[in-house]
Amino acid sequence: MFEKRAQRSMDAMSRKDLAAVMRSWADDAVLDFMGHTPISGRYRGRPAIEGFFRRVFEGTEAIRVTVRHMAFANPVGLTYDNTVYIEFVVDATNRDGVTIHDERIAVFEYRRGKVVAMREWAFDPTIVERMWGRSAPA
């Protein structure tokens, strides 16, 4: 169940289908996006998370997300509650023509079949900065 759901979400990202991406998120979910870029930070609640993905989609000409590996905290408990670890690759081009190939890992916590928390990390954060720029120090 989670494998298909996670793959559908990644495919929806590649299509830039915001409604399909948001279908699996709980109303009170939290998304943490690593780094020091204009899109980095913590997004609390469905409207904020939808705004994050909208900004990602608007900032990219093209995006392709490819799942490499997936693992589960409870591999025999494939119910509506689990933690899913996904290693994936993002190939994207931003509106300025900058193209990246970025390897990442994300941890998704599912409760009652919905994503309640997600944290994402890049193996090389400078690639994300090349795509989105670097935030000014606080």
Side-chain angles (χ1 to χ4, degrees):
M1 174 185 84
F2 287 109
E3 289 150 331
K4 288 180 183 177
R5 180 174 288 167
Q7 187 62 58
R8 280 195 306 265
S9 291
M10 297 297 183
D11 291 345
M13 287 283 299
S14 295
R15 292 189 314 274
K16 296 168 63 169
D17 183 343
L18 184 59
V21 168
M22 292 307 300
R23 232 175 258 131
S24 59
W25 288 85
D27 290 340
D28 61 346
V30 176
L31 180 151
D32 289 309
F33 189 79
M34 68 357 184
H36 302 284
T37 72
I39 65 166
S40 297
R42 173 166 278 189
Y43 298 84
R44 293 180 184 273
R46 192 177 170 89
I49 294 167
E50 185 171 337
F52 168 82
F53 284 115
R54 181 175 286 114
R55 191 168 176 191
V56 168
F57 295 157
E58 289 172 354
T60 55
E61 286 291 328
I63 187 169
R64 188 177 79 231
V65 181
T66 306
V67 174
R68 282 199 174 152
H69 302 284
M70 196 177 302
F72 304 92
N74 186 0
V76 295
L78 298 178
T79 63
Y80 286 101
D81 295 343
N82 212 328
T83 301
V84 181
Y85 309 92
I86 303 175
E87 179 186 355
F88 59 100
V89 175
V90 175
D91 291 291
T93 304
N94 71 12
R95 298 289 180 189
D96 296 326
V98 175
T99 300
I100 63 160
H101 177 83
D102 191 16
E103 299 178 21
R104 299 183 187 176
I105 290 180
V107 178
F108 293 83
E109 292 181 43
Y110 283 86
R111 298 294 173 260
R112 294 190 269 334
K114 296 286 188 178
V115 177
V116 296
M118 181 260 215
R119 288 184 147 176
E120 184 174 323
W121 298 269
F123 286 95
D124 182 354
T126 63
I127 293 173
V128 181
E129 292 171 4
R130 196 164 58 240
M131 179 78 174
W132 295 101
R134 185 166 172 84
S135 292

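Quick note: numbers below take in every heavy atom, side chains included, and nothing from hydrogens, waters or symmetry partners. As the structure is a prediction and not an experimental result, all values here were calculated from the model.
- Rounded to the nearest 0.5 angstrom, W121 CH2 and E87 CD are separated by 13.5 Å.
- N74 places no side-chain N or O within 3.5 Å of a backbone atom of N82 that could act as its donor or acceptor partner.
- A 6.0 Å sphere centred on CZ of R119 holds no more than 12 heavy atoms belonging to other residues, nucleotides or ligands.
- Closest of all the heavy-atom pairs between H101 and V89 is CE1-CG1, 3.2 Å.
- Within 6.0 Å of CZ on R95 lie more than 12 heavy atoms contributed by other residues, nucleotides or ligands.
- With hydrogens and angles ignored, the 3.5 Å screen pairs a side-chain donor or acceptor of K114 with a backbone N or O of R23.
- Within the model, atoms CD1 of I127 and CZ of R104 stand 9.0 Å from one another, a figure rounded to the nearest 0.5 Å.
- In this structure, V128 and M34 have side chains that are in contact, with non-hydrogen atoms separated by less than 4.5 Å.
- Listed by chain and number, the hydrophobic cluster partners of V116 come to none, as no ILVMFWY side chain reaches under 4.5 Å of it.
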Salt bridge (charged side-chain N to carboxylate O under 4.0 Å, His left out) between D32 and R42, worked out:
CA-CA 5 Å; D32 289 309; R42 173 166 278 189; 2.7 Å; yes

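- At a threshold of 4.5 Å between side-chain heavy atoms, the hydrophobic network of Ile, Leu, Val, Met, Phe, Trp and Tyr places V30 and V56 in two separate groups.
- Distance CE/M22 to OG/S9: 10.5 Å, rounded to 0.5 Å.
- Across all their heavy atoms, I105 and F88 have their closest contact at C-CE2, 4.1 Å.
- Under a 3.5 Å cut-off, the side chain of R68 and the backbone N or O of E103 do not form any donor-acceptor pair.
- Considering every non-hydrogen atom in both A12 and A20, the closest pair reads CB-CB, 3.6 Å.
- Connection of Y85 to F123 is not established within any shared hydrophobic cluster, with ILVMFWY side chains joined at heavy-atom distances below 4.5 Å, either directly or through further cluster members.
- W132 contributes atom CH2, which lies 4.5 Å from atom CD1 of I39 (distance to the nearest 0.5 angstrom).
- The structure places CD1 of I63 at 12.5 Å from CZ of R15, a figure rounded to the nearest 0.5 Å.
- Using a 4.5 Å heavy-atom cutoff, the side chains of T37 and R134 are not in contact.
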Using the rule given for side chain to side chain contact (heavy atoms under 4.5 Å, CB included), can you reason through V107 versus M118, listing the C-alpha separation, both sets of side-chain angles and the distance that settles it, and then say yes or no?
CA-CA 5 Å; V107 178; M118 181 260 215; over 6 Å; no

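- Looking only at side-chain heavy atoms (C-beta outward), F52 and F33 come within less than 4.5 Å of each other.
- The side-chain heavy atoms of I86 and M10, taken from C-beta on, include a pair separated by under 4.5 Å.
- Between T93 and T60, every side-chain heavy-atom pair lies at or beyond the 4.5 Å cut-off.
- One finds a salt bridge joining E50 and R54 here, because a Lys/Arg side-chain nitrogen approaches an Asp/Glu carboxylate oxygen to under 4.0 Å.
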Verdict with reasoning, F108 to T83, per side chain to side chain contact (heavy atoms under 4.5 Å, CB included)
CA-CA 6 Å; F108 293 83; T83 301; over 6 Å; no

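- Looking only at distances, a side-chain donor or acceptor of D124 sits under 3.5 Å from a matching main-chain atom of T126.
- Counting only heavy atoms from C-beta outward, the side chains of W25 and L31 approach each other to under 4.5 Å.
- In this structure, the side chains of R64 and T66 come closer than 4.5 Å at one or more pairs of heavy atoms.
- Distance check: F57 CZ to M13 CE gives 4.5 Å after rounding to the nearest 0.5 Å.
- Here the side chains of D102 and M131 are not in contact, with every heavy-atom distance at 4.5 Å or above.
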